[in-house]
Amino acid sequence: MKIAFFDAKPYDKPSFDRYGKENGIEFKYYETKLNEDTVELASGYDGVCVFVNDTVNANVIDRLCQLGIKVVALRCAGFNNVDMKYAHGKIHIVRVPAYSPYAVAEHTMALLLTSVRRIHKAYIRTRDFNFSLSGMTGFDLHGKTVGIVGTGKIGKVFMDICRGFGMRVLAYDKFPTPGLDNGDTVKYVSVDYLLANSDIISLHCPLTEDTYHIIDEDALNKCKKGVIILNTSRGALVDTEALLSAIKSRKVGAACLDVYEEESDFFFEDFSGHIIEDDILARLISMPNVIVTSHQAFLTEEALMNIAETTVKNISDILTKEQSPNELCYRFGTTEDCKDGKCF
Ligand code: NAD
């Protein structure tokens, strides 16, 4: 079995080569992303393996089908870059629903601690033998209220971490988990209540039509002054221009972003020798109270191994049995994991 692997990075290869070899799957690694211009590279392969910023739209799906591609294997959990409605019944789409919620949740806390304790500033100062503490005053997380939007696998781990710090949790989820609300330190509330009462807001829901710009100007106006916004989920959950304005007006006290709505033009690549054309990203990065990481929350050794193992299993299941428990299907007008293998 031969798979064209798009948007390949050096850190992908060891784990995919290992699990591919064990399962008779050979990967051809392409550095380029999959899109309408590069789809021809899939010619002669049984499937394609893609990541968060590859484009799997209607035109790409049509061409993949013409090329005889059986499966699009997402090596990630989110699938907002796939036109699921169009793909349904044409091509198998599989994903890795969970690989390490700890990786993303721990990175979220790393960003939060870095921000509130000014670690990013301290690191630069002490490297320059500047041991002054002026402007370094942080605040305790203990006793603060964190609002968690999306209480799935990652949201729940982040909730546990926050509770370990002695924080109160307000949660919002379209599909709340029964038993999670203890009526005391963890409470399910409406979005508006969460916005108005959280010191810190962390986004852990998927990007859907419902959640696009869930943090926009209106939402930010409802927040407490000085709120900290954490986004390690998907960039377009936040209206970045509105966030920038709210940072400038001091309504937002700090922002920690591992994702950005226009990230596909920049993230994962080295632009250190270039002039960045994106003024919003450049302005955000210039702010002392904004920390940007380039979609690295998933990047732990454990996660890379789990991603490769599950992706190889997904591909093998589809190519040998035409079904996989991790197949995404778009039936009844919404995308969900296929429960009975009857997507086609
Ligand atoms: P999950 O499916 O386990 O949880 C998502 C939760 O969001 C569910 O509880 C669901 O009910 C809830 N939800 C769905 N629609 C909602 C809505 N309209 N409003 C509020 N909540 C809603 O997913 P997960 O594994 O916890 O991952 C969450 C997100 O994290 C993914 O969708 C992905 O975008 C992102 N992610 C980012 C990285 C990274 O490296 N930065 C890595 C993995 C995942």
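All values below come from the heavy atoms of this structure, side chains included, with hydrogens, waters and symmetry mates left out. Atoms within a ligand are numbered from 1 in the order they appear, just like the ligands themselves.
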Engineer: Can you tell me if S233 has a non-hydrogen atom under 4.0 Å from ligand 1?
Structural biologist: yes

Engineer: Quick one: is the NZ or CZ of K33 closer than 6.0 Å to the six-membered ring centre of F6, and within 45° of its axis?
Structural biologist: no

Engineer: Is it true that the NZ or CZ of R75 lies under 6.0 Å from the centre of F5's six-membered ring and within 45 degrees of the ring axis?
Structural biologist: yes

Engineer: Can you list the ligand 1 atoms lying under 4.0 Å from a non-hydrogen atom of D258?
Structural biologist: 39 (C), 40 (O), 41 (N)

Engineer: From the options I154, V96, V191, select the one whose nearest heavy atom is closest to atom 26 (O) of ligand 1.
Structural biologist: I154

Engineer: Show me which atoms of ligand 1 lie under 4.0 Å from any heavy atom of Y99.
Structural biologist: 42 (C), 43 (C)

Engineer: For ligand 1, which atoms, with element, lie under 4.0 Å from some heavy atom of V104?
Structural biologist: 38 (C), 42 (C), 43 (C)

Engineer: For atom 19 (N) of ligand 1, which candidate among Y172, F158, Y212 provides the closest heavy atom?
Structural biologist: Y172

Engineer: Is it the case that ligand 1 has an N or O less than 3.5 angstrom from some N or O of R234?
Structural biologist: yes

Engineer: Under a 4.5 Å side-chain heavy-atom rule over Ile, Leu, Val, Met, Phe, Trp and Tyr, are L113 and V252 clustered together?
Structural biologist: no

Engineer: For a quick check under 3.5 Å, do Y102 and T300 share a side-chain donor-acceptor pair by atom type?
Structural biologist: no

Engineer: If you measure every N or O of D173 against every N or O of ligand 1, does any of those distances drop under 3.5 Å?
Structural biologist: yes

Engineer: Tell me the nearest of F79, F298, F175 to atom 40 (O) of ligand 1, using heavy-atom distances.
Structural biologist: F298

Engineer: Yes or no: does T211 have any heavy atom under 4.0 Å from an atom of ligand 1?
Structural biologist: yes

Engineer: Take Y330 and F79 through the test ring pair (Phe, Tyr, Trp, His ring centres under 6.0 Å) and record every step on the way to the result.
Structural biologist: CA-CA 12 Å; Y330 185 91; F79 46 84; 9.8 Å; no

Engineer: Going by heavy-atom distance to atom 22 (C) of ligand 1, choose the closest among G78, G235, S294, C205.
Structural biologist: C205

Engineer: Which of the numbered atoms in ligand 1 are below 4.0 angstrom from a heavy atom of D210?
Structural biologist: 18 (N)

